[in-house]
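Single-structure report; data block below.
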Amino acid sequence: MTFVCLTLFPEMIMGGLCHSVIKRAAERGAIDIRCVNIRDFAGNRHNTVDDYPYGGGAGMLIRAQPVYDAYQHARTMLATNARVVYMTPQGRLFNQAEARALATEPELVLLCGHYEGIDERVIEEIVTDEISIGDYVLSGGELAAMVVIDAVARLVPGVINEASRQDESFSGGLLEYPQYTRPAQCLGRCVPSVLLSGHHGNVEDWREAQKRERTRLRRPDLQEGRKP
Ligand code: 6GU
């Protein structure tokens, strides 16, 4: 799967995603993460991409033209008419179901805003989806795009181990059970004895009960067994 980010801070995206699981997946060619720097399409001598908002108000906006030209450049890098996701607190809330849906796409373009936003006309022209990662305001869309890319990429076949993809929090609509590794006693606490019993049926039952209890206590909004 190919991700192309339209951003003013490509080094932030590439630096943030060049680690661990995602880095190795990119090295293997399971995913490809690229950036187009909107500033390269400023089209003026000082390479400025922002301007004052009509009607007044605080802050600056990214002009439509550099974003549109960066998008046209991104299109030359892509094989399909890929969805264009604008990262904005005004978008629909991102969750695991949304991640699963996006992971079925062969290519995605992620548009990262900055300053007070982007001229609405280019959003109308190129954007197919608007996504927010939560009810708080970030100073730019890059961190949000990185969150979406990480969550989507790990659902792409061959990026992570299939078993860990099944077992985790949210995939069954419940939180994950607690886990322990050696030694059996640490920080004055013991590993729950059922995990040392070697009785796989009891271990499974205990883990399932832990998932339900954790979800009930910590996230009662996640309805039992329903995929979010
Ligand atoms: Cl997607 N962008 C920005 N700038 N802030 C956010 C967000 C996105 N999601 C939550 N806050």
Side-chain angles (χ1 to χ4, degrees), residues 1-19 22 31-42 48-71 74 78 82-105 107-156 169-170 218-219 221-222 227-228:
M1 179 169 181
T2 299
F3 301 88
V4 180
C5 298
L6 310 181
T7 173
L8 288 168
F9 299 95
E11 61 294 339
M12 188 175 170
I13 306 254
M14 298 316 280
L17 292 171
C18 198
H19 300 279
I22 301 297
I31 56 169
D32 188 13
I33 302 168
R34 299 160 167 243
C35 289
V36 175
N37 192 338
I38 295 168
R39 195 172 302 286
D40 291 345
F41 299 87
T48 57
V49 295
D50 57 333
D51 208 337
Y52 299 96
Y54 278 117
M60 306 284 273
L61 301 177
I62 304 181
R63 291 183 290 113
Q65 195 67 55
V67 174
Y68 186 73
D69 292 347
Y71 167 70
L78 296 168
R83 282 161 76 174
V84 179
V85 180
Y86 177 38
M87 304 312 307
T88 169
Q90 269 111 73
R92 65 176 182 270
L93 266 187
F94 187 66
N95 60 17
Q96 194 64 23
E98 189 75 46
R100 280 190 290 265
L102 292 178
T104 67
E105 302 283 333
E107 301 176 319
L108 272 187
V109 177
L110 296 109
L111 171 59
C112 303
H114 248 268
Y115 310 113
E116 300 308 309
I118 299 179
D119 188 310
E120 191 71 18
R121 292 168 293 187
V122 72
I123 295 168
E124 289 175 2
E125 184 67 22
I126 70 172
V127 168
T128 61
D129 300 83
E130 300 194 8
I131 289 181
S132 165
I133 63 160
D135 291 334
Y136 39 80
V137 179
L138 301 171
S139 53
E142 283 76 13
L143 279 168
M146 287 155 65
V147 165
V148 168
I149 291 169
D150 187 288
V152 171
R154 57 189 296 297
L155 300 178
V156 171
S169 300
F170 292 123
R218 300 181 186 192
R219 293 294 305 276
D221 57 304
L222 294 177
K227 283 197 174 191

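No experiment lies behind these values; they were computed from the predicted model shown. Note that ligands are numbered from 1 as they come in the structure, with each ligand's atoms numbered from 1 the same way.
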Tell me whether S132 has any N or O atom under 3.5 angstrom from an N or O of ligand 1. yes
Answer yes or no: is there a side-chain heavy-atom contact under 4.5 Å between [X] and [Y]?
X: R34; Y: F3; value: no
X: D119; Y: Q65; value: no
X: I123; Y: E130; value: yes

Under 4.0 Å between heavy atoms, the region of T88 that gets near ligand 1 turns out to be backbone
Within the 4.0 Å heavy-atom cut-off, what A144 brings close to ligand 1 is side chain
Residue, atom name and distance, where the atom is the protein heavy atom closest to [atom]:
atom: atom 10 (C) of ligand 1; value: G134 O, 3.0 Å
atom: atom 2 (N) of ligand 1; value: P89 CD, 3.6 Å
atom: atom 4 (N) of ligand 1; value: L138 O, 3.3 Å

### Message
Set out, in order, the CA-CA distance, both residues' side-chain angles and the distance that settles side-chain contact (heavy atoms from CB on, under 4.5 Å) for R63 and V122, then state yes or no.
### Response
CA-CA 8 Å; R63 291 183 290 113; V122 72; over 6 Å; no
Using a strict cut-off of 4.0 Å, indicate which atoms of ligand 1 neighbour a heavy atom of [X].
X: I131; value: 1 (Cl)
X: Y136; value: 6 (C), 10 (C), 11 (N)
X: I133; value: 9 (N), 10 (C)

The reported gap from CD1 in I38 to CG in L8 (rounded to nearest 0.5 angstrom) is 4.5 Å
Answer yes or no: does atom CZ of R83 have more than 12 heavy-atom neighbours from other residues, nucleotides or ligands under 6.0 Å? yes
On a heavy-atom basis, the closest approach of G113 and E142 is O-OE1, 4.2 Å
